[in-house]
Amino acid sequence: MKKILVTGALGQIGTELVAALRARYGRRQVVASDIRMPSREEIADGPFEHLDCTRQLQLQEVVTRHRVDAIFHLAALLSAVAEEKPQVAWEVNLGSLYRVLELARQQECAVFTPSSIGAFGPTTPKVRTPQDTIQRPTTMYGVTKVAGELLCDYYFHRFGVDARGLRFPGLISHAAPPGGGTTDYAVEIFYEAIRHRRYTCFLRPDTRLDMMYMPDAIRAAIELMEADAARLEHRNAFNVTAMSITPEELAAAIAEEIPGFTVSYRVDPVRQAIADSWPDSIDDGAARREWGWRPEYDLKRLTRDMIAHLRPKLEAAG
Ligand code: NAD
Ligand code: AKB
């Protein structure tokens, strides 16, 4: 990867991925892009392009002008927003991926694309969900994720496009807010714990889902893209996870660091139904075997690190 384009770069993952890629490959080698305009500080850090990934000509112009040879394609609508706007989600999530893969075929670029635990559905085995299993999701987000996984496989087998990807669990981070997903509670809870010592959760206390701290997720994406292709049997849509937790377990871990912290529950039926259709825990054995994946953050370490970063940030913001 000599010249990298990151789409959807101002989102929860992109904010930290762009910084990590620039630290590794050089500031000028990583072009950040988004349909939104960045703040002055964000733009000062390196090249930025205002780019709508559903527009083929815009994409083509940026990739050609910067001589891009690898695309980290993050532009998408997350699960809860996609359920509100299913038609837009189809166009953004799948339409843009198709355009990115077509461009990658023409210009010989590698492609990284995140899938999600949302690619599974209620008929998928719920515990230690295997790498290769039933995928019949009941959300538009899930439909676009399964179709996207298949499209990446197709472009590799049919055209030799080096398309790789991960099925991320819910990601927890302090640098940028989450973009409207079902697992957003696991980020919001830290903000409210630090600000008010209480939080009202929109999922039931026993809703078990896989989660991961952002530094692990960023490392996973870079390690997969740098992995020896000869070792990859799956290449695309690898299950990766770091922990399988419920809101009440996360709340208990936070209460150990912030005494007096309490949680109440007001369930949002839409997001609860989405969460109930996803696995309790996924098996990431294929990622471990094929490219050496190992998470570094468990619940305790994640909780301490989140609070250590978020507390000064929120205090400075007043
Ligand atoms: P996000 O919502 O925080 O960011 C997405 C970015 O895409 C936003 O900055 C948005 O402005 C941009 N965008 C939207 N439409 C666009 C368009 N047409 N053209 C260009 N940019 C556009 O999302 P994220 O959490 O950073 O997720 C990135 C990817 O990772 C998505 O594919 C998501 O499904 C996947 N993922 C995320 C998580 C998670 O917990 N964050 C978990 C699993 C998978
Ligand atoms: C969401 O909740 O939509 C995302 C995801 C797990 O894909 N965080």
Side-chain angles (χ1 to χ4, degrees), residues 12 78-81 83 116-122 124-129 137-139 141-142 167-217 239-284 295-311 313-314:
Q12 191 193 4
L78 295 199
S79 57
V81 179
E83 271 322 277
S116 159
I117 51 171
F120 299 118
T124 301
K126 229 174 160 44
V127 178
R128 290 194 59 74
T129 301
T138 45
T139 61
Y141 183 65
R167 287 186 191 128
F168 278 135
L171 300 180
I172 300 175
S173 66
H174 53 79
T182 305
T183 59
D184 290 12
Y185 89 82
V187 180
E188 291 170 8
I189 194 171
F190 282 95
Y191 281 77
E192 295 307 300
I194 293 166
R195 282 187 185 130
H196 307 299
R197 286 176 192 260
R198 65 188 134 78
Y199 174 62
T200 304
C201 183
F202 58 77
L203 294 182
R204 275 195 323 267
D206 61 346
T207 310
R208 185 167 294 284
L209 293 167
D210 281 286
M211 298 282 172
M212 185 184 288
Y213 197 32
M214 193 60 88
D216 273 338
N239 284 0
V240 283
T241 185
M243 65 200 79
S244 158
I245 56 169
T246 64
E248 63 188 351
E249 288 168 359
L250 180 53
I254 294 172
E256 279 185 28
E257 309 298 323
I258 304 179
F261 173 58
T262 58
V263 181
S264 56
Y265 296 88
R266 195 185 313 128
V267 171
D268 167 8
V270 174
R271 284 180 286 185
Q272 186 66 54
I274 296 174
D276 289 343
S277 76
W278 290 355
D280 284 1
S281 63
I282 58 173
D283 176 0
D284 59 5
E296 286 178 357
Y297 287 84
D298 61 10
L299 179 56
K300 196 175 193 64
R301 191 170 171 213
L302 171 156
T303 304
R304 287 198 170 151
D305 204 68
M306 272 296 280
I307 294 170
H309 281 90
L310 212 48
R311 202 194 298 269
K313 184 172 153 179
L314 295 181

*Which atom of Pro295 lies closest to which atom of Ala242, heavy atoms considered*: CB-CB, 3.7 Å

_Let me confirm one number: the CD1-CG distance from Ile189 to Leu250, rounded to the nearest 0.5 Å._
4.5 Å

*Heavy-atom distance under 4.5 Å between the side chains of Thr138 and Pro122, does that happen here?*
yes

_Heavy-atom donor-acceptor pair, Asp216 side chain to Glu296 backbone, under 3.5 Å_ = yes

*salt_bridge(Asp298, Lys300) N-O dist < 4.0 Å*: no

*Got a donor-acceptor contact below 3.5 angstrom from the Ser79 side chain to the Thr182 backbone?*
yes

_Filter on ring-ring contact (aromatic ring centres under 6.0 Å, His included), then keep only pairs touching residues 180-216, sequence neighbours left out; what's left?_
Tyr213-Tyr297

*To the nearest 0.5 Å, how far apart are CD in Glu192 and CD1 in Ile254?*
11.0 Å

*Rounded distance [0.5 Å steps], NE2 in His174 versus CE in Met214*: 9.5 Å

*asked:* I'd like to check Pro177 versus Val187 (side-chain heavy atoms, cut-off strictly below 4.5 Å). Are they in contact?
replied: no

*What's the shortest heavy-atom distance between Thr129 and Pro279, and which atoms?*
OG1-CB, 3.1 Å

*Residue pair Ser173 / Gln12, side-chain donor-acceptor N/O under 3.5 Å*: yes

*Between Glu248 and Val263, is any pair of side-chain heavy atoms under 4.5 Å apart?*
no

_Show the nearest heavy-atom pair for residues Glu257 and Arg304, with the distance to one decimal._
OE2-NE, 3.2 Å

*asked:* Quick one: does any side-chain atom of Asn239 pair with a main-chain N or O of Asp283 as donor and acceptor, under 3.5 Å?
replied: yes

_For Arg204 against Thr207, the heavy-atom pair lying closest together_ = O-OG1, 2.8 Å

*Once you round to the nearest 0.5 Å, how far does CG of Leu314 lie from CD1 of Ile307?*
11.0 Å

*asked:* Just so I know, are the side chains of Ile258 and Ile194 near enough to count as touching, which here means a heavy-atom distance under 4.5 Å?
replied: yes

*At their closest point, which heavy atom of Thr241 faces which heavy atom of Ile282, and how far apart are they?*
CG2-O, 3.6 Å

*asked:* How long is the straight-line distance from CG of Leu310 back to CG of Asp305, given to the nearest 0.5 Å?
replied: 10.5 Å

*Check: Met243 and Leu302 side chains under 4.5 Å, non-hydrogen atoms*: yes

_Main-chain N/O of Arg128 paired to Ser281 side chain as donor or acceptor, under 3.5 Å_ = yes

*Pairs flagged by ring-ring contact (aromatic ring centres under 6.0 Å, His included) wherever residues 247-284 is involved - sequence neighbours left out*: none

*When you measure from the side chain of Arg266 to the backbone N and O of Thr200, does any donor-acceptor pair fall under 3.5 Å?*
no

*Rounded to the nearest 0.5 Å, how far apart are CG of Asp206 and CD of Glu249?*
10.0 Å

*Closest approach of Pro169 to Met212 (non-hydrogen atoms, all atoms of both residues)*: CG-CB, 3.7 Å

